[in-house]
Novice: 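Have a look at this one before I ask anything.
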Amino acid sequence: MNASFVAACSCLAAAATNYVAPAAFAADAMHPLVVELFQSQGCSSCPPANANVLALASRPDVLALSWEVTYWDYLGWKDTFARQDFTQRQYDYARSLGHDGVFTPQVVVNGRVDGVGAQSGELAALMRQGERGNGGPAVRVSDTRAEIGAGSGSGQVVLVRYDPALVQVAIHRGENAGETLPHRNVVQQVAYLGTWSGQSRSFDLPAPPRAGLRTAILVQAGRTGPVLAAATSK
């Protein structure tokens with residue numbers, strides 16, 4: 001854990017304001033802007049960033065994903081959604097983005113830029129900087145199959161299952177003791193399916209861990225590199 005990042009997160013979160021998203025992107029429902037939030041229920045700096053990303057969850061031109069990490073569990077509250085492979089994804093991002101450690105909250109936009117996300121202006125700027133436009137291969141997704149169209153470049157194909165429902169979690173211990181925190185688009189499953197090398201390719205998908213989850217496919221230049229394409233099931 002990088003202490004300077006933790007200190008910076010705390011200061012920014014204290015000054016957070018409600019986020020108002022930009023009016024439009026070149027991205028659309030077929031080419032959503034991927035906004036990934038790494039947070040923990042045991043982190044007192046996370047609720048402002050969570051509220052900002054939560055406000056994006058209904059936008060058709062944005063795929064907002066909440067990844068709950070494990071390394072704050074020692075503070076007295078075990079995050080109810082955290083998994084070690086979600087924490088590993090954040091560590092993979094730390095390497096690809098040139099950081100020497102991980103921190104919460106962290107928002108990664110299209111695998112290209114990152115920041116804390118607790119201030120309205122900062123998150124809006126990250127979304128503008130990370131936008132990839134309408135390029136990349138076409139992606140079609142159902143709960144059982146993903147089809148990646150032909151295009152230029154190559155990348156890893158990542159399966160993400162997430163819960164689109166709004167869930168309220170009462171926190172009984174740790175830094176957020178006594179708070180009830182809203183959660184939406186919380187990731188429940190991640191799997192790295194294989195590579196895409198510019199040719200059309202399809203993948204049979206494993207069964208979701210439970211009913212009610214939505215399926216997303218990301219095509220990234222590397223395990224956690226820039227997002228080339230993304231799509232979700234209906």
Side-chain angles (χ1 to χ4, degrees), residues 1-19 35-57 64-109 114-120 122-123 126 160-191 208-214 216 223-224:
M1 181 70 58
N2 187 298
S4 62
F5 275 131
V6 173
C9 292
S10 299
C11 292
L12 285 171
T17 57
N18 290 333
Y19 174 63
V35 177
E36 299 177 74
L37 170 65
F38 293 90
Q39 66 167 339
S40 171
Q41 296 166 0
C43 166
S44 62
S45 299
C46 289
N50 179 58
N52 288 341
V53 174
L54 201 68
L56 303 171
L65 299 171
S66 177
W67 300 83
E68 304 288 317
V69 299
T70 58
Y71 51 80
W72 289 123
D73 288 355
Y74 79 94
L75 293 176
W77 177 256
K78 182 176 174 59
D79 191 295
T80 57
F81 300 117
R83 284 179 34 175
Q84 187 56 42
D85 49 350
F86 303 164
T87 302
Q88 184 59 55
R89 181 165 173 84
Q90 190 185 23
Y91 273 95
D92 291 343
Y93 265 129
R95 284 189 290 273
S96 63
L97 292 168
H99 299 319
D100 59 1
V102 294
F103 58 97
T104 56
Q106 181 189 24
V107 171
V108 180
V109 178
D114 75 306
V116 175
Q119 288 188 325
S120 59
E122 183 216 11
L123 183 51
L126 289 173
V160 179
R161 294 266 175 48
Y162 64 97
D163 188 351
L166 180 65
V167 179
Q168 301 283 353
V169 179
I171 311 300
H172 302 295
R173 294 181 299 279
E175 290 188 348
N176 290 318
E179 300 290 336
T180 297
L181 303 179
H183 292 70
R184 189 176 176 191
N185 288 10
V186 176
V187 176
Q188 304 288 317
Q189 180 185 36
V190 62
R210 64 174 178 82
L213 302 183
R214 190 163 291 169
R223 193 176 180 91
T224 49

Novice: Mind listing the closest non-hydrogen atom pair of Cys46 and Pro105 along with its distance?
Specialist: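 Of all heavy-atom pairs spanning Cys46 and Pro105, the closest is SG-N, 3.9 Å.
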Novice: Applying side chain to side chain contact (heavy atoms under 4.5 Å, CB included), name anything that partners Ala177, two or more places apart in sequence or on another chain.
Specialist: none
Novice: What class does the angle between the rings of Phe86 and Trp67 fall in, given that below 30° is parallel, 30 to 60° is tilted and above 60° is perpendicular?
Specialist: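 The rings of Phe86 and Trp67 stand perpendicular, inter-plane angle above 60°.
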Novice: If the test is side-chain contact (heavy atoms from CB on, under 4.5 Å), which one of Val53, Asn52, Val187 qualifies with Leu37?
Specialist: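 Answer after filtering Val53, Asn52, Val187: Val53.
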Novice: Can you name the side chain to side chain contact (heavy atoms under 4.5 Å, CB included) partners of Ile171, sequence neighbours left out?
Specialist: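 By the side chain to side chain contact (heavy atoms under 4.5 Å, CB included) rule, Ile171 matches Gln41, Trp77, Val169, Asn176, Leu181.
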Novice: List the residues meeting side-chain hydrogen bond (donor to acceptor under 3.5 Å, both in side chains) with Ser66, not counting sequence neighbours, and say none if there are none.
Specialist: Gln39, Glu68
Novice: Kindly state each residue pair satisfying salt bridge (charged side-chain N to carboxylate O under 4.0 Å, His left out) with at least one member in residues 162-183, sequence neighbours excluded.
Specialist: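 The answer is Asp163-Arg210.
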Novice: Is the closest side-chain heavy-atom distance between Pro182 and Val167 below 4.5 Å?
Specialist: no
Novice: Any chance you could measure Gln188, atom CD, to Phe81, atom CZ, to the nearest 0.5 Å?
Specialist: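 Spacing of CD (Gln188) from CZ (Phe81) equals 6.0 Å.
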Novice: Determine yes or no for a side-chain-to-main-chain donor-acceptor pair under 3.5 angstrom, with Ser96 supplying the side chain and Thr224 the backbone.
Specialist: yes
Novice: Output the distance between atom CG (Leu166) and atom CZ (Arg184), rounded to the nearest 0.5 Å.
Specialist: 7.0 Å
Novice: What residue pairs, at least two apart or across chains, pass salt bridge (charged side-chain N to carboxylate O under 4.0 Å, His left out) with a residue in residues 82-97?
Specialist: Glu36-Arg89, Arg83-Asp85, Asp92-Arg95, Asp92-Arg223
Novice: Please list, chain by chain and in numerical order, all residues satisfying side-chain hydrogen bond (donor to acceptor under 3.5 Å, both in side chains) with Gln168, sequence neighbours excluded.
Specialist: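 Testing Gln168 for side-chain hydrogen bond (donor to acceptor under 3.5 Å, both in side chains), a comparison that skips the adjacent residues, returns none.
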Novice: Evaluate side chain to side chain contact (heavy atoms under 4.5 Å, CB included) for Leu65 paired with Val160, printing each intermediate quantity in order.
Specialist: CA-CA 9 Å; Leu65 299 171; Val160 179; 4.1 Å; yes
Novice: Under the rule for side-chain hydrogen bond (donor to acceptor under 3.5 Å, both in side chains), what residues qualify as partners of Thr87, not counting sequence neighbours?
Specialist: Thr70
Novice: Please tell me if the side chains of Phe38 and Val102 come closer than 4.5 Å, counting only heavy atoms from C-beta onward.
Specialist: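 They are not in side-chain contact.
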Novice: Verify, without hydrogens or angle tests, whether Asp79 (side chain) and Ser40 (backbone) share a donor-acceptor contact under 3.5 angstrom.
Specialist: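 Side chain of Asp79 to backbone of Ser40, a donor-acceptor pair under 3.5 Å: no, none is there.
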Novice: Hey, could you give me the CG/CG distance between Asp114 and Leu97, rounded to the nearest 0.5 Å?
Specialist: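 Here the interatomic distance stands at 4.5 Å.
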Novice: Can you see which heavy atom on Gly115 is nearest to which on Phe103, and at what distance?
Specialist: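 So the minimum-distance heavy-atom pair works out to O-CE1, 4.1 Å.
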Novice: Considering residues at least two apart in sequence or located in another chain, which fulfil the side-chain hydrogen bond (donor to acceptor under 3.5 Å, both in side chains) criterion with Gln90?
Specialist: Tyr71, Gln106
